[in-house]
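In what follows, residues are counted from 1 in the order of the sequence shown. Owing to the predicted nature of the structure, the values given are computational and were not obtained by experimental measurement.
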Amino acid sequence: MKRMVTASAAAVSLLLAGTSHAAVVPDYQLNSSWYSNAQEAIGTRSSTLSPDSKAKNVILFVGDGMGISTQTAARILQGQSQANNQGGEENYLSFEHFPHSGLAKTYNTNQQTPDSAGTMTAMMSGAKTKAGVIGVSDNVNRGDCDVSSERLVSALELAASQHKATGIISTARITHATPAATYAHVSERNWEASVPEECVGKVSDIAYQLIHQAADIDVIMGGGRRNFLPEEVTDPEGSTGRRSDGNNLIEDWQNFHRTGQYVWDSEGFNAIDTSTTSKVLGLFNSSHMEYEADRDDADEPSLSAMTEKAIDILLNDTHQQQQQGFFLMVESGRIDHAHHGGNAARALQDTIEYSNAVQAAIDKLDAAGELDDTLIIVTADHSHVFTMAGYPKRGNPILGLVVGVGSEQPSLAGDNKPYTTLGYANGPGAAASFDAGVRADLSALDTKQLDFQQQALIPSGSETHAGEDVAVFARGPQAYLIQGAIEQNVVFHAINQAAGLGGNAYVAEE
């Protein structure tokens with residue numbers, strides 16, 4: 001039989017920037033029904049399957065906004081770009097070969113269709129929470145100043161307590177909701193560089209927390225440079241900072257890590273000596289990093305390159321002297337942003353690069369002899385109202401107009417106009433799609449061009465998230481814990497169980 005170990009509040013050492021604190025899963029987190037129910041679900045699975053060896057390393061990949069329709073369309077687009085594929089439909093993204101998979105329910109405690117702050121907090125803490133809040137329980141209301149008594153300990157913080165090396169990577173601002181949920185505790189996701197006047201002294205902004213209060217994360221790479229610089233400072237690319245408190249957090253980080261490397265462009269990134277460097281702060285854009293489709297015009301590394309570099313650093317001799325392993329979170333943040341803009345081409349290109357990053361991690365770990373000791377989970381935080389419609393023939397360009405079986409001409413809708421396979425239920429594409437209720441004619445347009453906005457039904461300034469389940473794929477030690485339909489917060493408990501992070505796991509009882 002299996003029994004649940006009642007968690008003690010025994011403190012474990014968590015090294016923070018410049019000080020030492022304890023990472024403890026507090027009673028209110030342990031006693032949350034979200035936490036305990038998900039833990040019970042993991043315990044049930046452990047009781048019916050033989051436990052594997054523990055996961056020395058963990059990588060959590062998050063495709064922000066990568067719903068199943070996005071995954072399917074990206075698979076086809078990638079296949080259609082490869083000469084050896086018949087039409088694209090038979091292609092597989094790298095993580096679709098993983099042996100274990102399930103579906104995660106993404107709702108927040110207060111919203112049927114979720115946001116990234118609440119969903120990522122669920123995956124990182126094991127407890128669901130409200131939309132818009134990061135790293136705090138659902139007892140907190142959005143905008144509350146004092147959240148100190150409702151902080152949820154994250155998997156990254158527990159990993160640091162276990163003396164594992166840690167890293168976070170994102171193509172979004174590193175202070176954006178998804179990466180922030182690995183280290184920050186705040187009631188408003190938009191407090192990236194400042195907090196309201198009434199909250200000063202009660203809570204710090206997200207960027208400040210990362211440098212001064214969070215776990216001492218070894219590898220940090222992403223965008224968002226502006227949130228670390230004072231308003232009077234101009235960065236090397238000509239953008240000004242957003243901080244009104246005068247703090248230069250990049251300089252603070254450099255003072256904390258005298259032998260660490262701060263980099264802001266591809267030249268600095270490429271020059272990092274991964275065999276000796278133990279600390280890296282890479283901020284490659286003032287705001288979000290560029291879309292993968294536009295990266296050739298930017299001085300930025302790809303998601304794959306950042307993933308490879310991070311693994312090399314987390315596995316180097318400096319970090320592995322005690323053989324404690326590592327925890328790494330990798331987010332493809334801009335799939336979501338392209339969808340919000342009704343722009344499928346960029347969303348799918350970023351999804352393909354996300355798949356490439358997963359494969360890069362597998363290859364790197366395999367070459368290092370670490371693959372069998374690493375739990376890799378690939379998922380999304382939520383979906384989008386993105387659809388594949390009509391009856392296009394096999395091999396029809398996924399970004400093109402619908403052309404049916406046996407025809408060379410586009411199929412016509414009820415208004416006698418052609419339509420695309422891909423579309424949105426709402427979004428900015430509606431404004432260009434309809435004039436006084438009459439749908440625009442796409443006959444003379446190249447719908448495959450990068451900037452094309454797919455047509456949408458309901459006009460909105462930004463396309464919205466969707467509420468359906470997202471896929472979860474897993475490989476490595478105890479990957480079987482991911483199966484069937486699960487609450488999204490079960491992802492944390494699978495990581496906790498497999499890696500032995502100490503967050504009140506199930507253990508065998510004779």
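Partners of Asp252 by salt bridge (charged side-chain N to carboxylate O under 4.0 Å, His left out), not counting sequence neighbours: none found. Residues meeting the ring-ring contact (aromatic ring centres under 6.0 Å, His included) test with Trp264, sequence neighbours left out: none.
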Show your working on salt bridge (Lys or Arg N to Asp or Glu O under 4.0 Å) between Glu300 and Arg295 and close with a plain yes or no.
CA-CA 7 Å; Glu300 300 175 359; Arg295 194 172 52 79; over 6 Å; no
Stepwise side chain to side chain donor-acceptor pair (under 3.5 Å) test for Gln454 and Thr420:
CA-CA 8 Å; Gln454 276 66 29; Thr420 55; 5.6 Å; no
When you look at His339 and Tyr424, which way does the ring pair (Phe, Tyr, Trp, His ring centres under 6.0 Å) test go after all the steps?
CA-CA 9 Å; His339 276 322; Tyr424 293 92; 5.6 Å; yes
Trace of the side chain to side chain donor-acceptor pair (under 3.5 Å) decision for Thr113 with His465:
CA-CA 7 Å; Thr113 296; His465 298 170; over 6 Å; no
Pair Arg225-Asp235, salt bridge (Lys or Arg N to Asp or Glu O under 4.0 Å): steps then yes or no:
CA-CA 8 Å; Arg225 193 187 308 124; Asp235 72 16; 2.5 Å; yes
List the steps, then state whether side chain to side chain contact (heavy atoms under 4.5 Å, CB included) holds for Asp144 with Glu150.
CA-CA 11 Å; Asp144 286 351; Glu150 298 292 340; over 6 Å; no
Are Lys130 and Asp115 close enough, and set up right, to give a salt bridge (Lys or Arg N to Asp or Glu O under 4.0 Å), and what steps lead you there?
CA-CA 9 Å; Lys130 292 174 179 155; Asp115 98 312; over 6 Å; no
Steps toward salt bridge (Lys or Arg N to Asp or Glu O under 4.0 Å) verdict (Arg243, Glu231)
CA-CA 5 Å; Arg243 302 195 63 80; Glu231 293 172 336; over 6 Å; no
Check the pair Gln213, Ser204 against side chain to side chain donor-acceptor pair (under 3.5 Å), reporting the backbone distance first and the verdict last.
CA-CA 9 Å; Gln213 298 171 350; Ser204 301; 2.9 Å; yes
One pair to check against side chain to side chain contact (heavy atoms under 4.5 Å, CB included): Ile495 and Leu501. What are the steps and the verdict?
CA-CA 8 Å; Ile495 293 170; Leu501 297 183; 4.0 Å; yes
So Asn356 and Ser94, side chain to side chain contact (heavy atoms under 4.5 Å, CB included) or not? Walk me through it.
CA-CA 7 Å; Asn356 294 340; Ser94 61; over 6 Å; no
Residues Asn227, Glu192; criterion side chain to side chain donor-acceptor pair (under 3.5 Å); working and verdict
CA-CA 7 Å; Asn227 295 324; Glu192 295 184 56; 3.3 Å; yes
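Asn37 places no side-chain N or O within donor-acceptor distance of the main-chain N or O of Trp34, the cut-off being under 3.5 Å. Of the possible polar contacts, none joining the His493 side chain to the Ala38 backbone as a donor-acceptor pair under 3.5 Å is found. In this structure a side-chain-to-backbone donor-acceptor pair under 3.5 Å is missing from Asp350 to Tyr291. The closest donor-acceptor contact from the side chain of Glu157 to the backbone of Ser154 lies under 3.5 Å. Between the side chain of Ser101 and the backbone N or O of Phe473 there is no donor-acceptor pair closer than 3.5 Å. With hydrogens and angles ignored, the 3.5 Å screen pairs a side-chain donor or acceptor of Gln483 with a backbone N or O of Tyr480. With hydrogens and angles disregarded, no donor-acceptor distance shorter than 3.5 Å links the side chain of Asn247 to the backbone of Leu249.
In terms of heavy atoms, Asp205 sits closest to Val195 at N-CG1, 3.7 Å.
Looking at Lys364 and Asp312, a side-chain N of the basic residue comes within less than 4.0 Å of a carboxylate O on the acidic one, giving a salt bridge.
For the atom pair CD (Gln78) and CD1 (Ile398), the distance works out to 13.0 Å, reported to the nearest 0.5 Å. For the atom pair Met124 CE and Ile134 CD1, the distance stands at 12.0 Å (nearest 0.5 Å). Here the straight-line distance linking atom CD1 of Ile168 with atom CG of Leu156 works out to 7.0 Å at 0.5 Å rounding. Rounding to the nearest 0.5 Å gives a distance of 7.5 Å between CG of Asn489 and OG of Ser125. A distance of 10.5 Å separates CZ in Phe95 from CD1 in Ile362, rounded to the nearest 0.5 Å. The distance from atom CZ of Arg242 to atom OG of Ser287, rounded to the nearest 0.5 Å, is 7.5 Å.
Between Phe61 and Tyr354, the ring planes are perpendicular. Angles over 60° get that label, and only those under 30° would be called parallel. Ring orientation note: the planes of Tyr92 and His97 are tilted relative to one another, at an angle of 30° to 60°. Classified by interplanar angle (parallel below 30°, tilted 30° to 60°, perpendicular above 60°), the ring pair Phe492/Tyr35 is tilted. Ring orientation note: the planes of His337 and His176 are nearly perpendicular, at an angle over 60° on the 30°/60° scale. Using the six-membered ring where Trp is involved, Tyr208 and His212 have ring planes that are parallel, under 30° apart on the 30 and 60° scheme.
Using a 4.5 Å heavy-atom threshold, the side chains of Asn343 and Phe452 count as separate. Under the 4.5 Å side-chain criterion, counting only non-hydrogen atoms from C-beta, Leu365 is in contact with Leu315. In this structure, Glu292 and Ser302 have side chains that are in contact, with non-hydrogen atoms separated by less than 4.5 Å. Gln453 has its side chain within reach of Pro428: a pair of non-hydrogen atoms, C-beta onward, lies under 4.5 Å apart. Looking only at side-chain heavy atoms (C-beta outward), Ile220 and Leu210 come within less than 4.5 Å of each other. Residues Val330 and Val62 form no side-chain contact, since every pair of their non-hydrogen atoms from C-beta on lies 4.5 Å or further apart. Counting heavy atoms from C-beta outward, Asn108 and Lys128 have side chains that stay 4.5 Å or more apart. Two residues are said to be in side-chain contact when any heavy atoms from C-beta on lie closer than 4.5 Å; Val491 and Leu60 meet this criterion.
Under the 3.5 Å distance criterion, with hydrogens and angles disregarded, a donor-acceptor pair is assigned to the side chains of Asn57 and Thr374. In the model, Asp336 has a side-chain atom that pairs as donor or acceptor with a side-chain atom of His384 under 3.5 Å. A donor atom on one side chain and an acceptor atom on the other are found under 3.5 Å apart for Glu468 and Ser383. Inspection of the Glu96 and Gln71 side chains reveals an N or O donor paired with an N or O acceptor under 3.5 Å. Using modelled atom types and a 3.5 Å distance limit, the side chains of Asn426 and Glu463 yield no donor-acceptor pair.
For Gln82, the CD atom counts as densely surrounded, since its 6.0 Å shell holds more than 12 non-hydrogen atoms of other residues, nucleotides or ligands. For Gln112, the CD atom sits in a loose shell: 12 or fewer heavy atoms of surrounding residues, nucleotides or ligands are nearer than 6.0 Å.
The only member of Leu303, Ile335, Asn285 that meets side chain to side chain contact (heavy atoms under 4.5 Å, CB included) when paired with Thr171 is Leu303.
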